[in-house]
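The figures that follow rest on heavy atoms only: side chains count, while hydrogens, waters and symmetry mates do not.
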Amino acid sequence: MRAIIVDDEPMQIQGLVRHISWKALGYEEPLTAQSGEEALAILRETPVDVLITDVSMPGMTGIELLAICKADYPALQSMQTVMISGYDEFEFVQEAIHLGAKAYVLKPVRTEELELKLAAFREVYEKKKQIEQETALLKEKVTESYEVLQERFVKDMIEGWIHNEELLESWRRLLELPDGEWQTSLFLFGYDRLFRDNPHDAKERIMHSEGLLNCVKLGLAGFSTVYIGKTGADELAVIVLNATPLVRARLEKQLTFIQDILKEQYTASVTVGISRECHTWTEIPLLYKEVRHMMSGARLAGYGQILYFDQSLMNEYQDFRLREEYIPEIVKLLDTGEGEKAAVYFNHAFERLLAREPVSFSYVQAFGMGLLSELARKTKRLQETDTEMNILMWQRLIDCTGVNDVRKVLLEYLAQYAKLSQGEQVAQQHNLIQRVARQLEERLQENITVKQLAEQFHLNHSYLSVLFKKEMGRTISDFTQEARMNKAKELLRDPNVKVYEVAEQVGFQTAAYFTFLFKKTTGTTPQEFRDYHY
């Protein structure tokens, strides 16, 4: 590792070079510079792992040097920084830490303290190198392990993590998947009641999970374009691509063999679900949900079955999705202010509704009434206009004579509901942030933190930061700093209030840091500002 020492006092540099045990700490002899400008010239040409810099230097300060390094030199993003400061310069160090400095030491510098910081940096450096090596090794192992890749592919596919053509193409290359559109079906193997009697035995769970995987691999060995992956400790999915009717028949013959082996070896019954075929890879997550739903219902009649998903089950599953998935998701999107997404999702659900065989107008109308009633129930503050809107929409829905009429009425209602909901949400957020802003302005002396504010208003601190920036157009930190500067200008207009008293009243521990920040913000020192206005 290599460090650079930046200080305008040559004796300070010489002392650090001479008295720090650089070699023993794993460092090369340090580079040195007597100004920020000289340091930048060196850093442009030479990679450095640690920057040790004085805070206060003529010309470019240590803080400005660090800011330039982080903003303009990507190669220095991981550089560790130690700030050297006087006792009354701590607030300068706070700003340096905000810029990414990892440590500071007070003058006069004790070599033992600085060596501890350097040793800690060395440890972090070694750990990063180790992680990088382990990551590279893991990548190599994953690339070499076809089974690991295959299992990950199956899990990502059925969970919908493969969501675009670019990612799919990457998987095609890794696993040499067939080109073009796939004729896809899915087999799902699941233990029926394996862990109900002893759900906390980890050894048993691992043994049976691996046993299921090995038995399925053995039973389906020799079949190409068959991809196997565990989806849980008691469940396993098989994606079958482009199987001819003959190949599919041969595959299905193996299912009883797999069930028998598992019953013999583990005294466990396994239910197997076989999906319908689809021709779009994006439907694979839906195949998984359909088969899982079918198996869950069929187990009520008995275990160890081989089940086929058919059209009657398709309608049953669509009913289940409408009730348990589509309507709740539409309501959720509206309640979170995502009206456009709600409309898109509604259209998706409606198309699924029309794909039901046979299409029944009364069924479509019943779906609309279910959605409308759920939204009316969710309205938290019913005003007279909201009630009138609900009654009107009910009547319009009853008067519909075709499915397109139903769609049009419901889309209009979603738009109106979203508008009302968004208006209420915006008003609530506006009032909340105004209260937060008043709290900040009233407590400038206290240096209140975002975390303290969030606790006071019962919010997550990250969420509060996002809301504040959206409402006020700037961060909490920027707002507080602006409020302090405005209050400072007001106080500076009174010649009876000393500069250090102004600093205290607006929340600064030292007049030096207040002066630094005031000049940085306004372009003049506090005294110059006062002189100009009087």
Who pairs with E126 by side-chain contact (heavy atoms from CB on, under 4.5 Å), at least two apart in sequence or on another chain?
-> R122
Quick check: does any side chain N or O of Q452 sit under 3.5 Å from a backbone N or O of T449, one acting as donor and the other as acceptor?
-> yes
Taking atom CG of L410 and atom CG of L414, what is their separation to the nearest 0.5 Å?
-> 6.5 Å
Salt bridge (Lys or Arg N to Asp or Glu O under 4.0 Å) between E490 and K487, worked out | CA-CA 5 Å; E490 180 186 327; K487 183 66 175 177; 3.8 Å; yes
Kindly say whether L118 contributes a backbone atom to a donor-acceptor pair with the side chain of Y27 at under 3.5 angstrom?
-> yes
Measure up the F468 and F479 rings against each other and bin them: parallel (under 30°), tilted (30 to 60°), perpendicular (over 60°).
-> perpendicular
Taken in chain and number order and not counting sequence neighbours, the residues that satisfy side-chain contact (heavy atoms from CB on, under 4.5 Å) with Q445 are Q505
Kindly indicate whether the side chain of F514, heavy atoms from C-beta on, has any atom under 4.5 Å from the side chain of K519.
-> no
Starting from the C-alpha separation in whole Å, work towards a yes-or-no answer on side-chain hydrogen bond (donor to acceptor under 3.5 Å, both in side chains) for Q439 and R435.
-> CA-CA 6 Å; Q439 190 73 202; R435 286 165 57 207; over 6 Å; no
Is a donor on one side and an acceptor on the other found under 3.5 Å between the side chain of K289 and the backbone of I158?
-> no
Is K332 salt-bridged to E338, going by a charged N under 4.0 Å from an acidic O?
-> no
Audit row: Y73, R44, side-chain hydrogen bond (donor to acceptor under 3.5 Å, both in side chains) steps and yes/no | CA-CA 8 Å; Y73 297 93; R44 290 189 193 103; 2.7 Å; yes
Is the number of heavy atoms from other residues, nucleotides or ligands within 6.0 Å of NZ (K341) greater than 12?
-> no
Answer yes or no: is there an ion pair linking K498 with E501, defined by an N-O contact shorter than 4.0 Å?
-> no
Given side chains that start at C-beta, do those of L16 and P30 come closer than 4.5 Å, heavy atoms only?
-> no
Here the pair of heavy atoms bringing L444 nearest to T480 is CD2-O, 4.2 Å
Basic-acidic side-chain contact under 4.0 Å: E159, K155 = yes
Residues which pass ring pair (Phe, Tyr, Trp, His ring centres under 6.0 Å) with W394, listed by chain and number, not counting sequence neighbours | none
Taking all non-hydrogen atoms of both residues into account, name the closest pair between A39 and V6 and its distance.
-> CB-CG2, 3.6 Å
Salt bridge (charged side-chain N to carboxylate O under 4.0 Å, His left out) partners of residues 12-30, not counting sequence neighbours, each pair once = R2-E28
Any donor-acceptor pair under 3.5 Å linking the side chain of S21 with the backbone of A24?
-> no
Indicate yes or no: does E351 engage R407 in a salt bridge with an N to O separation below 4.0 Å.
-> yes
More than 12 heavy atoms of other residues, nucleotides or ligands under 6.0 Å from NE2 of H461: is that the case?
-> no
With no hydrogens and no angle check, is any side-chain donor or acceptor of E329 less than 3.5 Å from a backbone partner on E325?
-> no
Note: D54-K107 ion pair, threshold 4.0 Å (strictly below) | yes
Below 6.0 angstrom between ring centroids: does that apply to F346 and F350?
-> yes
Minimum heavy-atom distance L149-L174, with the two atoms named = CD2-CD1, 4.3 Å
For M57 against D7, the heavy-atom pair lying closest together = SD-CA, 3.9 Å
Ignoring hydrogens and angles, tell me if any N or O in the side chain of T280 forms a donor-acceptor pair with the backbone of T282 under 3.5 Å.
-> no
Check whether any side-chain heavy atom of I433 sits under 4.5 Å from a side-chain heavy atom of L464, and report yes or no.
-> yes
Listed once per pair and sorted, the salt bridge (charged side-chain N to carboxylate O under 4.0 Å, His left out) pairs that draw on residues 473-485, sequence neighbours left out = R474-E482
Atom CD1 of I327 and atom CD of E374: how far apart are they, to the nearest 0.5 Å?
-> 7.0 Å
Hey, mind stepping through L459 and L432 against side-chain contact (heavy atoms from CB on, under 4.5 Å) and telling me if it holds?
-> CA-CA 11 Å; L459 293 170; L432 171 67; 3.4 Å; yes
Taking C-beta and beyond as the side chain, do I4 and V50 meet within less than 4.5 Å on heavy atoms?
-> no
Roughly how far, to the nearest 0.5 Å, is CD of E528 from OG1 of T515?
-> 10.0 Å
Is it the case that R438 and Q434 place a side-chain donor and acceptor less than 3.5 Å from each other?
-> no
Enter the distance from M472:CE to T475:OG1 here, rounded to the nearest 0.5 Å.
-> 11.0 Å
For F518 and A488 the tightest heavy-atom approach is CE1-CB, 4.2 Å
Output the distance between atom NZ (K203) and atom CD1 (I206), rounded to the nearest 0.5 Å.
-> 10.0 Å
Correct closest heavy-atom pair for I13 and A33 would be CD1-O, 3.5 Å
CD (Q14) and CD1 (I5) are apart, to the nearest 0.5 Å, by 10.5 Å
With the side chain counted from C-beta on, respond yes when E290 and L286 share a heavy-atom pair under 4.5 Å apart, and no when they do not.
-> yes
Kindly write out the residues that satisfy side chain to side chain donor-acceptor pair (under 3.5 Å) with T231, not counting sequence neighbours, or none if the list is empty.
-> E235
Give a yes or no on whether the backbone of T525 and the side-chain of R530 come within a donor-acceptor separation of less than 3.5 Å.
-> no
